[in-house]
Amino acid sequence: MTISGTQLAKEIKQEVKEKVEKAKDEFGRPPHLVVILVGEDPASQSYVKGKGKDAEEVGFKSTTIVKPEETTEKELLELIHDLNDDESVDGILVQLPLPSHINEDKVIETIHQSKDVDGFHPANVAALWQKRPCIYPCTPKGVIKLLDKAGVEIQGKKAVVIGRSNIVGLPVSKLLLDRNATVTIAHSKTKDLAKTAAEADILVVAIGKPKFVSADMVKPGAAVIDVGVNRDPITGKLCGDVDFDACAEKAGVITPVPGGVGPMTRACLMENTLECFLNKMQKK
Ligand code: NAP
């Protein structure tokens, strides 16, 4: 069975939209998301456009700030400080990757934790690992929601996550662990990767290699979540890290690319922005 991230994302955004309507009545304004794009990378431009479109769809105030490639780190940090101080801004997202002359870690640390809708701030990351209240990073949150929607039991299951990046592999592993899965984190140095993967009841793949996971790496009936976003080297079309056609026959449930984790990441961004807004307004 294919799990449609597009459909689930639509449902989540509808729920956010309804909550925004209520929040507007209660607090007099909708949440305000600011997305900053530095440079002209076409993939980043398209991601930013999508985020703005979703923000408007759920009824947020949405601002996109586009800065030229040659923007200095100092200028970007000053902009973030201004947005941190701006009471009318509830969420700040800086589209990654940034041009190489800008230190991404510094940028992420500068966004105030309370406006960190991506969940990348070190304080948010620490809170996640300490099981304290935090903003869950969007993509890992989307992965868990897809598994829940498909009715996949997580507790007690063997989960293998291929990839250990700070933004996907590690936080996905932590969220699966918190749901009482037994988690193996695999990476480029893992020996017998195919054998490890084939033991998984839940296989999450986030490596960035087109159609890397073949059918022999999938346990019959497993839940396969494909986070990868790549271009097929032959067709040039968008594809995941999993060879979908080959693995779909073996998997119990599987996510497609496009239409799987991608739209869920954006829907979770909308949820996170609403959460930051409500946290702020309810404290007042
Ligand atoms: P990343 O930072 O480049 O990390 C890649 C991870 O994959 C690393 O941990 C690396 O291992 C591992 N890896 C690479 N080659 C491998 C191999 N041959 N065997 C086993 N492991 C291997 O990538 P990322 O940021 O996590 O992103 C991964 C993919 O997800 C990309 O395609 C990205 O575009 C996509 N993505 C999608 C969304 C979405 O919303 N759909 C969001 C974020 C990312 P080492 O640690 O040993 O180097």
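This one's a predicted model, so the numbers in the text were calculated from it and none came from an experiment. Counting starts at 1 for both ligands and their atoms, in listed order.
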*If you count the atoms of ligand 1 from 1 in the order shown, which ones are under 4.0 Å from a heavy atom of G163?*
6 (C), 7 (O), 9 (O)

*Can you list the atoms of ligand 1 that are under 4.0 Å from a heavy atom of I162?*
20 (C), 21 (N)

*Among all protein heavy atoms, pick out the one at the shortest distance from atom 15 (N) of ligand 1; state its residue, atom name and that distance to 0.1 Å.*
K209 NZ, 3.4 Å

*Just jot down the ligand 1 atoms closer than 4.0 angstrom to any heavy atom of L193, in number order.*
19 (N), 20 (C)

*asked:* Counting only nitrogen or oxygen atoms and a 3.5 angstrom limit, does V229 reach ligand 1?
replied: yes

*Less than 4.0 Å between a side-chain N and a carboxylate O, is that true for K219 and E199?*
no

*Can you tell which part of V227 has a heavy atom less than 4.0 Å from ligand 1: side chain, backbone, both or neither?*
both

*With backbone taken as N, CA, C and O and side chain as the heavy atoms from C-beta onward, which portion of M264 lies under 4.0 Å from ligand 1: side chain, backbone, both, or neither?*
neither

*Looking only at protein heavy atoms, which one is nearest to atom 44 (C) of ligand 1, and how far off is it?*
V168 CG2, 3.8 Å

*Under 4.0 angstrom from ligand 1, any heavy atom of A206?*
yes

*Is there a protein heavy atom at a distance of less than 4.0 Å from atom 21 (N) of ligand 1?*
yes

*Same hydrophobic cluster for V257 and V168, using side-chain heavy-atom links shorter than 4.5 Å among ILVMFWY?*
no

*To the nearest 0.5 Å, how far apart are CG in D54 and OG1 in T273?*
10.5 Å

_I'd like to check which ligand 1 atoms, numbered from 1 as shown, lie under 4.0 Å from a non-hydrogen atom of F212._
17 (C), 18 (N), 19 (N)

_Does Q282 have more than 12 heavy atoms from other residues, nucleotides or ligands lying within 6.0 Å of its CD?_
yes

*Say whether A186 and ligand 1 are in contact under the criterion: heavy-atom distance to a ligand atom below 4.0 Å.*
no

*Against heavy atoms of G208, which atoms of ligand 1 measure under 4.0 Å?*
28 (C), 29 (C), 31 (C), 32 (O)

*Hey, is I207 touching ligand 1 through its side chain, its backbone, both or neither, going by heavy atoms under 4.0 Å?*
both

*atom 23 (O) of ligand 1 [closest protein heavy-atom partner, distance rounded to 0.1 Å]*: S165 CB, 4.3 Å

*For ligand 1, which atoms sit closer than 4.0 Å to a heavy atom of I167?*
25 (O)

_Taking atom OH as the centre, does Y136 end up with more than 12 heavy-atom neighbours from other residues, nucleotides or ligands that are less than 6.0 angstrom away?_
no

_Measuring from atom CG of L77 to atom CG of D82, what distance do you get when rounded to the nearest 0.5 angstrom?_
11.0 Å

*Give yes or no for whether the N/O distance cutoff of 3.5 Å, strictly under, is met between D241 and ligand 1.*
no

*Would E57 and K13 pass as an ion pair if we require N to O under 4.0 Å?*
yes

*Those atoms of ligand 1 less than 4.0 Å from some heavy atom in T139*: 40 (O), 42 (C)

*Could D241 and K209 be called an ion pair, given the rule that one side-chain N must be under 4.0 Å from one carboxylate O?*
no

*asked:* Please report the interatomic distance NZ(K174) to CD(Q130), rounded to the nearest 0.5 Å.
replied: 9.0 Å

*asked:* Other residues, nucleotides and ligands only: do more than 12 of their heavy atoms fall within 6.0 Å of NZ on K280?
replied: yes

*For atom 48 (O) of ligand 1, the protein heavy atom that lies nearest, with its residue and separation*: S188 OG, 3.6 Å

*For ligand 1, which atoms have a heavy atom of T265 less than 4.0 angstrom away?*
39 (C), 40 (O)

*Mark yes when over 12 heavy atoms from residues, nucleotides or ligands other than E40 sit less than 6.0 Å from its CD; otherwise mark no.*
no

*With heavy atoms only and a cut-off of under 4.0 Å, state how T190 meets ligand 1: side chain, backbone, both or neither.*
neither

